[in-house]
Amino acid sequence: MNKKTEQDIMEKLVSLCKQRGFIFPSSEIYGGLQGFWDFGPLGVELKNNIKKSWWKRFVQMRSDVVGLDSTIITNPTVWEKSGHIGGFSDKLVECKKCHHRFKADDFTSNAKCPDCKGEFTGERNFNTMFKTFVGPVENSSTTAYLRPETAQNIFVNFDTVRAAMRTKIPFGIAQIGKSFRNEITPGNFIFRSREFEQMELEYFVNPKEDKKWFEEWVNQSMQWFIDLGIDKNNLRKYEQKGKELAHYAKETIDIEYNFPFSSHGACPPVLWHGRRGSASGGDKGFAELMGISNRTDHDLKAHGFTYKDEVTKEEFIPYVIEPSVGVERAALAFLLDAYTEIEGGRTTTTDSNKEKEVVLKLHKDLAPYKVAILPLSKKENLTELALEIYDSLKSKHMVMYDQVASIGRRYRRQDEIGTPYCVTVDFDSLEDKAVTVRDRDTMEQERISIAELAKYINKKLES
RNA sequence: GCGAGAGUAGUACAAUGGCAGUACAUUAGCUUCCCAAGCUAGAAACGCGGGUUCGAUUCCCGUCUCUCGCUCCA
């Protein structure tokens with residue numbers, strides 16, 4: 001795929017998301033706000049389905065992981081202890097000539113730009129934590145922060161959760177929730193936004209076993225994406241090396257997805273202290289979808305926790321293995337991977353002259369609507385039966401009813417939003433008490449008796 | 001924050017110093033009845049404030065917002 005085509009796909013997906021009610025700019029009637037996105041009727045279903053899938057696999061299905069839902073605003077001491085008040089605030093200088101930017105601690109005040117020998121601006125603070133005030137008085141003693149990650153709330157609750165649930169190491173605490181980062185450059189649609197939702201799991205282990213558990217979580221995380229239908233060829237692991245690693249991390253592996261944009265431009269790798277400038281050594285497309293880090297005992301130590309094994313009497317500060325993924329970023333990867341254009345369309349039974357057809361091949365667990373009920377005709381007796389079927393299914397699944405326009409057009413509508421199954425009520429249905437169930441991907445149809453329909457659909461959606 | 005570009009129906013695009021169009025999407029009706037057919041009718045837009053002008057969506061200034069690049073990262 002060439003670059004132009006790739007950009008087109010991103011633009012087309014953005015349009016589709018807007019038109020069909022997945023995602024649109026926040027507060028758009030006032031021009032929107034950079035880095036903030038609203039999820040529409042379909043988007044919220046997709047997002048909920050992603051979260052549901054993650055929670056089921058990593059909390060519900062595991063006896064060694066429990067959940068948590070903590071607050072966005074906390075006592076600011078949390079962020080002092082964690083190092084975020086220092087770490088999320090960088091002093092930067094900018095070259096007045098070439099506008100390259102450098103961390104101020106690397107240079108003396110009279111230094112020249114290493115790229116073009118230009119003059120630097122004065123130091124400027126780049127703080128990526130959102131500030132707010134608790135209570136009506138705005139001053140330094142009431143300053144609080146919107147959390148830039150959900151992880152710290154898990155760490156500070158370590159002992160309380162452990163005691164309440166009688167958990168023994170190794171065990172994990174999972175949390176899904178909003179985080180906020182005042183990113184200097186949000187962009188690429190929902191890839192990087194300022195308000196976003198994280199699914200984080202902090203898995204506490206004996207430091208002697210950190211390697212084993214790290215590998216385990218990398219593999220588990222990878223498998224989750226694959227099981228939800230992401231093409232393996234669009235996924236890869238990237239191990240962060242040296243200065244790419246966060247200060248707290250002993251080891252980090254990114255799961256990267258082959259996005260249709262390059263998320264990082266060139267930046268001087270030698271001069272830049274900290275992270276790598278371009279994704280995985282400059283390859284275009286692949287960019288971080290998820291990170292799995294060995295955070296060692298950095299966080300628990302910072303908050304003053306320790307752990308005692310009551311059987312072996314061994315006392316230690318647990319290491320933390322952290323799989324962390326952004327819900328919106330995952331949603332983008334799922335949408336991109338599902339977005340399929342078919343030149344000329346798939347129709348063989350009519351000679352309609354369409355240029356292309358769009359099918360969103362989302363995994364059935366992720367599809368916003370699972371089933372659409374379509375009466376073949378608007379004639380009274382068909383719609384009545386169709387609505388009865390709709391009513392009989394809606395308590396179990398997200399079901400859509402649509403009677404407007406030709407049947408072919410309605411199939412296209414459902415294909416475009418990824419609905420896996422369409423149930424068509426035709427004139428024979430009145431006689432034989434059966435309907436046809438149409439598969440999104442194969443367009444094949446099967447005739448099912450109405451009495452068996454609910455069971456049939458349930459089975460299809462569970463398989 | 002700096003640099004560059006851009007703001008016109010839901011989307012993608014036109015045009016114009018004097019009634020703002022097209023395609024797709026959408027609504028109602030007719031027709032058809034299993035894969036975007038057709039016909040008829042309809043709804044729907046010039047980011048905002050100022051200036052120039054008889055008249056500004058168009059020209060000028062400002063402002064806001066977005067997009068791209070720089071950092072940051074899920």
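Every chain is numbered from 1, with letters handed out A, B, ... down the list of sequences. Quantities reported herein were computed from a predicted structural model and do not represent experimental measurements. Both backbone and side-chain heavy atoms feed into the values below; hydrogens, waters and symmetry mates do not.
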Rounded distance in Å between the P positions of B:rC2 and B:rG62: 14 Å
Please determine, for B:rA25, whether a Watson-Crick or G-U wobble partner exists with both distances under 3.5 Å, and give it or none. none
Knowing that exactly one of A:Arg147, A:Lys47, A:Lys178 qualifies, which makes a salt bridge (Lys or Arg N to Asp or Glu O under 4.0 Å) with A:Glu197? A:Lys47
Give A:Ile407 one of three labels, base, sugar-phosphate or nothing, depending on what nucleic acid heavy atoms sit under 4.0 Å from its own. sugar-phosphate
Considering every strand and a 4.0 Å limit on heavy-atom distances, what is the contact class for A:Asp426: base, sugar-phosphate, or nothing? base
Could you please name the option among B:rA74, B:rC33, B:rC34 that lies closest to any side-chain atom of A:Ser377? B:rC33
Are A:Ser15 and B:rA12 close enough that a side-chain N or O sits under 4.0 Å from OP1 or OP2? yes
If I pick the P atom on B:rC64 and the same atom on B:rC48, what distance separates them, to the nearest angstrom? 16 Å
Residue met sooner reading RNA chain B from 5', once A:Val404 and A:Gly326 are mapped to nucleotides: A:Val404
Does the B:rC35 base have a donor-acceptor partner in the side chain of A:Arg410 within less than 3.5 Å? no
With a 3.5 Å cut-off and just heavy-atom distances, do the side chain of A:Arg192 and the base of B:rC72 make a donor-acceptor pair? yes
Considering residues, nucleotides and ligands other than A:Lys51, do more than 12 of their heavy atoms fall under 6.0 Å from its NZ? yes
Winner on side-chain proximity to A:Glu28, out of B:rU11, B:rC33, B:rC34, is B:rU11
Output the single nucleotide from B:rC34, B:rC68, B:rA36 whose closest atom is nearest the side chain of A:Glu357. B:rA36
Could you give the distance separating B:rU8 and B:rA20 at their C1' atoms, to the nearest angstrom? 8 Å
Return the nearest nucleotide to the side chain of A:Thr424; candidates are B:rA25, B:rC34, B:rC35. B:rC34
For A:Ile23, does its backbone N or O pair with a side-chain atom of A:Asp38 as donor and acceptor, under 3.5 Å? no
Counting heavy atoms from C-beta on, name the nucleotide in B:rA74, B:rG29, B:rC33 closest to the side chain of A:Glu288. B:rA74
Ignoring hydrogens and angles, does a donor from either the side chain of A:Tyr411 or the base of B:rC34 sit under 3.5 Å from an acceptor on the other? yes
Distance between the P atoms of B:rG21 and B:rG42, in whole angstroms? 14 Å
Separation of B:rC34 P from A:Met443 CE (nearest whole Å): 15 Å
What's the gap between B:rC30 and B:rA15 when it is taken at their P atoms, as a whole Å value? 40 Å
If only side-chain N and O atoms count, and only distance matters, is there a donor-acceptor pair under 3.5 Å linking A:Ser179 with A:Glu149? no
What nucleic acid atoms does A:Leu374 come within less than 4.0 Å of, heavy atoms only: base, sugar-phosphate, or nothing? nothing
If anything within 90° of 0 is syn and all else is anti, what is B:rU32? syn
Side chain of A:Lys18 - closest among B:rG10, B:rA25, B:rU67: B:rG10
With salt bridge (Lys or Arg N to Asp or Glu O under 4.0 Å) as the test, pick out the partner of A:Asp415 among A:Arg438, A:Arg440, A:Arg409, A:Arg410. A:Arg438
Between A:Arg409 and B:rC34, does any side-chain N or O lie under 4.0 Å from OP1 or OP2? no
Distance between P atoms of B:rA41 and B:rC35 (Å, rounded): 28 Å
Please measure how far the C1' atom in B:rA36 lies from the corresponding atom in B:rA25, and state the result in whole Å. 11 Å
Do the rings of A:Phe191 and A:Phe259 sit parallel, tilted or perpendicular, given the 30° and 60° boundaries? perpendicular
Syn if the chi torsion is within 90° of 0, anti otherwise; quick check, which is B:rC61? anti
If only side-chain N and O atoms of A:Ser406 are considered, is one of them under 4.0 Å from the OP1 or OP2 phosphate oxygen of B:rC33? no
By nearest nucleotide on RNA chain B, pick out whichever of A:Arg20 and A:Val325 is the more 5' one. A:Arg20
Is the base of B:rC72 touched by the side chain of A:Arg181 through a donor-acceptor pair closer than 3.5 angstrom? no
Just checking, any donor-acceptor pair under 3.5 angstrom between side chains of A:Glu341 and A:Tyr339? yes
Roughly how many Å apart are B:rA14 and B:rA45, using the C1' atom of each and rounding to a whole number? 13 Å
Which nucleotide wins on minimum distance to the side chain of A:Glu183, given the candidates B:rA74, B:rG29, B:rC35? B:rA74
